[in-house]
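For reference, the structure is listed below as structure tokens.
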Amino acid sequence: MLRVVLGIACALVLAVLAAHPAVRRIERRLGLTVLLSSGLPFLALGVVFRLPRVGVLTDDVVADLRPALEFGLGWLGFVVGMQFDVRELDHLPDKTGAVVFLESAIPFVTTAVACAVALVGLEPAGIGAFGRESIRDALVLGACAAPAAPVAAIALARTSGSPAAAIVARVTALNDVAGVVVLALVCSFFRPADEIGVWKLPAVAWTFVTLGMGGVLGILTHVLLRGARGAAEETAYLLGAVALSAGMSGYLAVSPLVVCAVAGAVLTNLPQQHMTSIRESILQLERPLYLIFLLVAGALWQPMAWQGWFLAPVFALARVGAKVFSAHVAVRAGPPQLPDAGTLGLALSPQSPIAIATIVGFATLYGAAGGSAVAGSRVPWMTTAVIGSALLTEIVVQAIARIRGGLRFDVEPLSIPPPGPAGAAGAAGAQGAPPS
Amino acid sequence: VIRAALLLAVLVTLVFGARSFLPQETPAIGLVGSGATLAFGFVLLAALQSGTLFHGLRMPRLTGYLVCGFLAGPSVANLVTERMVADLKLVNGVAIGLIALSAGGELNFRRVGGRLGAIVATGGGALAMAIAILSVVVLACSPLLAFFGGMGWTQRAVVALTMGVVFSALSPTVVLALLSETGSAGPISEMSLGIVVVGDLVIVVAFAAVNALASATFGGADAGGLGGLLWHIFGSIGVGLVFGLVLLVYLKLVNARVALFVFGMCFLCAEAGTRLHIDPLLVCLTAGLFLENLTDIEGSKLVHEILPAAMPTFAVFFAVAGAGLHWEVFRAVAPVAVGLVVARGVALFVGGRAGMRVARVPREERRWLHFALYSQSGIAIGLSVLLRERFPGWGEGASACLLGGIMVNELVGPPLFKAALSRSGEAGRRPQPDGAVAPH
């Protein structure tokens with residue numbers, strides 16, 4: 001019993017330490033991203049605490065913390081959605097859209113195909129086991145490949161200047177959105193819980209439900225926040241709105257990440273007097289929530305299956321290869337402010353924390369009850385593949401960047417640049433923090 | 001008010017729609033979909049809107065939270081199901097911790113100074129009278145109550161005493177929430193807080209004692225005897241001092257995201273409470289008192305810092321308390337419950353006034369102070385539930401009677417105290433920092 005208390009206390013102390021400015025300064029000095037510095041220890045802590053011999057995150061405690069997972073997914077969804085400010089898009093240089101498309105679509109397709117082949121190879125029944133659920137799994141892995149970590153912007157700001165950094169900041173932000181769009185389609189067309197729920201809707205109707213729910217919840221959040229009197233009430237409404245959005249989507253077996261991303265996008269595009277303070281509120285809670293999210297995700301992760309570790313390098317190679325290739329194409333097709341193809345490819349290679357959120361969100365929906373026994377057993381492999389690939393990519397890219405020189409990955413991850421043309425550049429230059 | 005009513009309608013419609021997807025209680029779909037997050041979001045937002053509506057009707061926001069929870073809960077609309085209510089109990093532990101920390105942080109012994117005698121006399125008088133009268137009333141009514149069947153008079157006396165102690169519990173949560181909501185400051189506010197906090201300590205100790213007595217009489221789940229009681233009290237105080245020290249170090253060295261840190265610590269206290277048999281309320285109260293009275297940290301500033309975490313927690317806490325009220329249970333025991341409520345009210349009034357007279361509390365303060373005593377909430381509910389768990393035989397019936405009475409006190413007490421604060425002129429006298437709950 002005492003172990004549980006001490007374990008939770010230990011996690012709390014670590015979360016506080018990880019969020020401390022001094023620790024973040026050290027991270028920046030060492031050029032580490034959130035995944036390597038504080039994220040990985042929390043994932044590992046979750047795995048270790050869950051071991052029966054350690055007995056800290058017991059079934060009871062994990063059950064207590066499960067709503068935190070759902071809520072964390074919702075919060076990250078809001079962060080992703082709030083990057084999608086259409087007013088900013090108007091100020092982007094011509095042909096940026098092509099870069100976004102190339103950097104999203106090529107890694108998505110390449111990784112999905114490579115992983116589909118690998119999944120077939122891993123199944124004892126071989127090609128015979130390839131079915132609808134295999135397509136779903138490959139698509140989700142593709143969705144996890146599209147986002148790029150927000151480390152690129154500041155790295156580029158130092159070497160290629162603010163205009164390039166601003167463009168790349170927006171590219172990484174919109175890559176996140178692309179990943180979420182694929183997840184939305186997967187959740188609509190491959191429903192996880194049709195046997196349980198009362199509603200029997202065609203797949204396309206679920207797409208409308210997802211979008212409509214996100215839209216309504218975004219407007220509701222907007223109206224609630226407009227009426228807030230003071231910071232405390234604003235925080236209360238924000239917490240309530242995220243919980244309602246995440247909870248409602250979870251209840252309907254729709255991804256909380258997707259619905260909250262739509263709600264966040266609606267919120268950020270509606271006129272709001274106190275948007276800066278809302279963004280600050282979201283950012284203030286973002287990192288601790290992300291760390292708690294990782295702790296719970298770690299507790300639910302089953303890393304022992306070797307298939308996951310086989311899939312990880314396949315995923316990483318396909319994704320990084322596609323990112324580098326698409327960078328070469330993007331430099332030709334995109335705006336002239338972009339840096340050289342090698343630098344751009346390297347900058348966009350590190351994996352976004354949103355990829356981990358995406359796969360965890362997928363696992364929560366499809367891991368236990370959402371598919372056949374065969375497909376259900378593949379979900380832990382996929383989780384391992386994405387987490388393993390994130391680590392692998394980061395180590396390799398950091399090493400190459402240091403050897404190659406000219407690109408320093410010192411970052412302040414997961415933050416939202418203020419809207420407007422100056423905002424993107426400013427954020428990239430000052431903080432290096434394209435959202436993710 | 002119109003905006004709040006419209007938003008409430010939208011929220012209810014949305015959740016009604018979502019609930020139609022899974023109308024029956026079903027196992028969670030995978031890991032999400034348990035409904036706990038949905039319930040948290042809905043209860044929080046709906047409670048805040050109900051609070052605004054009630055505020056517009058010159059009623060306490062807190063009553064709005066309670067009524068909202070009751071109407072949305074399993075007894076009426078069933079938008080928040082039994083399982084969701086159970087899932088949200090986690091918030092209770094955190095809320096009690098935050099409330100206790102705030103109460104401790106607001107209670108400065110130097111400021112209270114000469115009033116300590118009056119606080120002890122008033123609280124002591126009121127509680128002693130309430131425990132005595134309620135025990136006698138329950139004992140007198142015992143032939144009419146089915147759960148006393150087959151008991152001898154000694155056993156009946158023990159049960160009556162146990163029920164008397166539980167039903168005498170006051171409510172620091174309600175008092176603190178209303179003082180914050182109305183922005184009250186002055187001698188009545190300070191004394192009210194002091195009385196309910198001291199009263200709470202007395203009830204915790206008294207319950208541990210009667211629990212041990214009842215365990216010895218009926219052979220129920222043992223609370224650990226005297227050793228258990230001592231650990232419960234002094235262990236909690238010791239852990240509270242450690243908690244206070246940790247907070248002090250954090251505020252001195254880090255001083256960032258204070259609300260989140262305190263929330264996390266309160267969660268830890270709640271988890272530790274259930275596992276180590278310590279009282280989270282006593283732990284956090286000690287920590288608050290330690291910071292306010294033995295360090296240079298200003299408790300009121302800490303209370304202001306944790307407001308962003310406290311406000312949603314309080315709203316959910318009271319709404320969940322409302323959702324936990326069972327109409328069927330109340331209907332079955334209504335006559336007894338109402339009788340107990342009247343007896344409690346009279347006893348607290350008489351005992352409290354007697355204590356005030358002895359302590360020579362000024363007449364004007366005497367007139368309003370007793371209104372702080374009538375509300376009940378978290379602690380009384382917690383002890384009633386504990387009774388049911390520890391003594392499955394008679395505990396169930398006793399718990400039903402007590403919960404019925406608590407339900408009435410929950411709804412009647414807060415408006416009375418709010419009115420008293422307004423009439424005494426103390427409401428709105430506290431300077432409201434930015435982001436405070438609500439100006440009066």
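We name chains A, B, ... by the order of the sequence lines, and we start the count at 1 in each one. Only heavy atoms go into these numbers, but all of them, side chains included; no hydrogens, no water, no symmetry mates.
For a residue to count as touching a neighbouring chain, one of its non-hydrogen atoms must lie under 4.5 Å from one of that chain's; by this rule Leu11(B) touches chain A with the side chain only. Using a 4.5 Å cut-off between heavy atoms, Val216(A) touches chain B through its side chain atoms alone.
Across Ser20(B) and Trp199(A), no two heavy atoms sit closer than the pair OG-NE1, 3.2 Å. The two residues Pro312(B) and Leu239(A) make their nearest non-hydrogen contact at CG-CD1, 3.9 Å.
Two residues are said to be in side-chain contact when any heavy atoms from C-beta on lie closer than 4.5 Å; Val15(B) and Leu244(A) meet this criterion. Contact annotation: the side chain of Glu70(A) never approaches that of Leu38(B) to less than 4.5 Å [non-hydrogen atoms, C-beta and beyond]. The closest side-chain heavy-atom distance from Met213(A) to Leu14(B) is not below 4.5 Å. Arg19(B) has its side chain within reach of Tyr251(A): a pair of non-hydrogen atoms, C-beta onward, lies under 4.5 Å apart.
Taking chain B as the reference chain and counting heavy-atom pairs below 4.5 Å, the highest number among Ser245(A), Gly227(A), Ser249(A), Ala243(A) is found for Ala243(A). Between chain A and the options Leu48(B), Leu45(B), Leu7(B), the largest number of non-hydrogen pairs under 4.5 Å is found for Leu45(B).
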